There are 2 protein chains.
Amino acid sequence: MLKEKKVRESSLYKVRAVSSSTIRRLPVYLRLLDSLTRDDLKFVSSKQLSEKTGYTAEQIRKDLSRFGTFGTRGAGYDTEALRNEILKIIGLHKKIAVIVVGVGHLGTALLRYNVNKTPYTNVVAAFDTSPEVVGKRILDVEVLPAHKMEEIVKKHDVKLAILTVPSKNAQVAVDQVIQSGVQVIFNFAPTWVQVPEGVVVHNADISVELQSLIYYATTKEKEEYASTI
Amino acid sequence: MLKEKKVRESSLYKVRAVSSSTIRRLPVYLRLLDSLTRDDLKFVSSKQLSEKTGYTAEQIRKDLSRFGTFGTRGAGYDTEALRNEILKIIGLHKKIAVIVVGVGHLGTALLRYNVNKTPYTNVVAAFDTSPEVVGKRILDVEVLPAHKMEEIVKKHDVKLAILTVPSKNAQVAVDQVIQSGVQVIFNFAPTWVQVPEGVVVHNADISVELQSLIYYATTKEKEEYASTI
DNA sequence: TCATGTGAAGAGCTTCACAGCA
DNA sequence: TGCTGTGAAGCTCTTCACATGA
């Protein structure tokens, strides 16, 4: 989980970091607004957004008002305008350059189905050490040898690396990514990696999510039991 | 996000659902205890667990005490015993039968590197509609045609389905999975699916996580700006 | 009238601080 | 002494309720 900045204290100002819960909801709003824009819906109310996302309408209004005043009383939010605001808030108003490190099945899957299907990220290259995949192309993305990483990162000002290497190679890959100048890493290897101060690592932690889900899958009986104590 | 049960109120008892934050930390403790058991460490204190996980020691003690009294004052927690308790809490003390639906790159990646590498889950079969993959084996797991699903689910008492089909097939796949008798679904398709009451769907939502991360990747300047307002 | 924006109240989660026990 | 277990305090996030404005 990403750590939040501590609240700053001063005699004049309190600037509080945006809560991570809010940050996680923004992309959900964005996805919904994308589909509403496609449907040519001009205005949308917090109540309508609520019905689609499952969040309460108040929650949504609070989230949005954290960043400014985007709505029109009586009418709701201008779909297109709100979408643009959220893009700016997240930092997606300019395409962000991304690299994928590790072109096994998972890397290939992300390249094919997820990352470049949105207009927000631009995968400028993928990297691997295996001669069998280096030189290949997955959709539009070329697979390069690892020693080209720094050059590519500098050239395209890459801000984010998606790491899909096997666990045993994760630390080496992370070191190289950081060496190349990338400061934010989305790690899919089910392992913890060491990074210097200032580098952000977010672990996808599929097995943690799976096991949490197993708790809920096996827990109906447990809850029943607890309620009869 | 999984919804929590509402707190029950009665004149005699209050049974409160375990918080989802706690549930998400349990698998992290488990992963750590697994490695400590391999290192033959007999006892571990909440302070030691804190250093490895990044959670505070009090947090860890609170989490564990929610389920019982597992520690020994002055000594810490018996590594092996605590591991077994957490397995029981999550519901992993018996291997849980799982199916994977959709054997593209992502499904293959999960089959190869994640799901069956732990001793906790047992992938009894994978399913696909494409004749090119049906009949293949990935490690020990056979890829079957979709019409065999119900038979397999009944036979192995499958409790959980991992869904790795393309978005456009997600709803059809979900319907079939539920039809077969599975009530808990881990969905990797970047789309929302409709399910009847009682069925739990957890969305992996890789693009939501990626976009949250982009907020943090592009936000250093924003925070700086905010702090000078 | 309708829907936003927002203080205030409420609920939930985390940290503190220390009693209790090996 | 050392470390757990846990009420109480503190803090954050969510929901409530309503003033405000189109």
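Note on naming: letters A, B, ... go to the chains in the order of the sequence lines (proteins, then strands), and numbering restarts at 1 for each one. All figures in this text were calculated on a predicted structure; none of them were measured in a lab.
- Between A/R66 atom CZ and C/dT4 atom C1' the separation is 18 Å, expressed in whole Å.
- Residues A/I90 and A/P27 have side chains in contact (heavy-atom distance under 4.5 Å, counting atoms from C-beta outward).
- Between the CZ atom of B/F70 and the C1' atom of C/dC21 there is a distance of 18 Å, given to the nearest Å.
- Of the residues in residues 33-46 of chain A, A/S45, A/S46 come within less than 4.0 Å of DNA chain C through at least one heavy atom, sorted by number.
- The separation between B/L82 atom CG and D/dC3 atom P is 16 Å, rounded to whole Å.
- Between A/Y215 and B/F67, the ring-plane angle classifies as perpendicular under the 30° and 60° cut-offs.
- Rounded to whole Å, atom C1' of C/dT15 lies 13 Å from atom CD1 of B/I60.
- Between B/H202 and B/F186, the angle of the ring planes lies from 30° to 60°, which puts this pair in the tilted group.
- Rounded to an integer number of Å, the gap from CD of B/Q59 to C1' of D/dG5 is 14 Å.
- A donor-acceptor contact closer than 3.5 angstrom links the side chains of B/S46 and B/R61.
- As rounded to whole Å, 12 Å separates atom P of C/dG5 from atom CG of A/D63.
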Might you list the N or O atoms of the protein lying below 3.5 Å from N or O atoms in nucleotides 16-20 of chain C, with each pair's distance?
| from | atom 1 | to | atom 2 | distance (Å) |
| --- | --- | --- | --- | --- |
| C/dG20 | N2 | B/R73 | NH1 | 3.4 |
| C/dG20 | N3 | B/R73 | NH1 | 2.8 |

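- Counted within 6.0 Å of CD on B/Q194, heavy atoms from surrounding residues, nucleotides or ligands total 12 or fewer; the atom is thus considered open.
- Between B/L210 and A/I162, the closest side-chain pair of non-hydrogen atoms falls below 4.5 Å.
- Between A/D63 and A/Y29, the side chains place a donor N or O and an acceptor N or O closer than 3.5 Å (distance only, hydrogens not considered).
- One interatomic measurement links the two molecules: CD of B/Q48 to C1' of D/dG2, which rounds to 12 Å at whole-angstrom precision.
- Counted by atom type alone, A/D175 and A/Q179 present zero donor-acceptor pairs between their side chains at under 3.5 Å.
- A 6.0 Å sphere centred on NZ of B/K95 holds more than 12 heavy atoms belonging to other residues, nucleotides or ligands.
- One finds a side-chain N or O of B/Y77 lying less than 4.0 angstrom from the OP1 or OP2 phosphate oxygen of D/dG5.
- If you measure from atom CG of A/L64 to atom P of C/dT4, you get 9 Å, rounded to the nearest angstrom.
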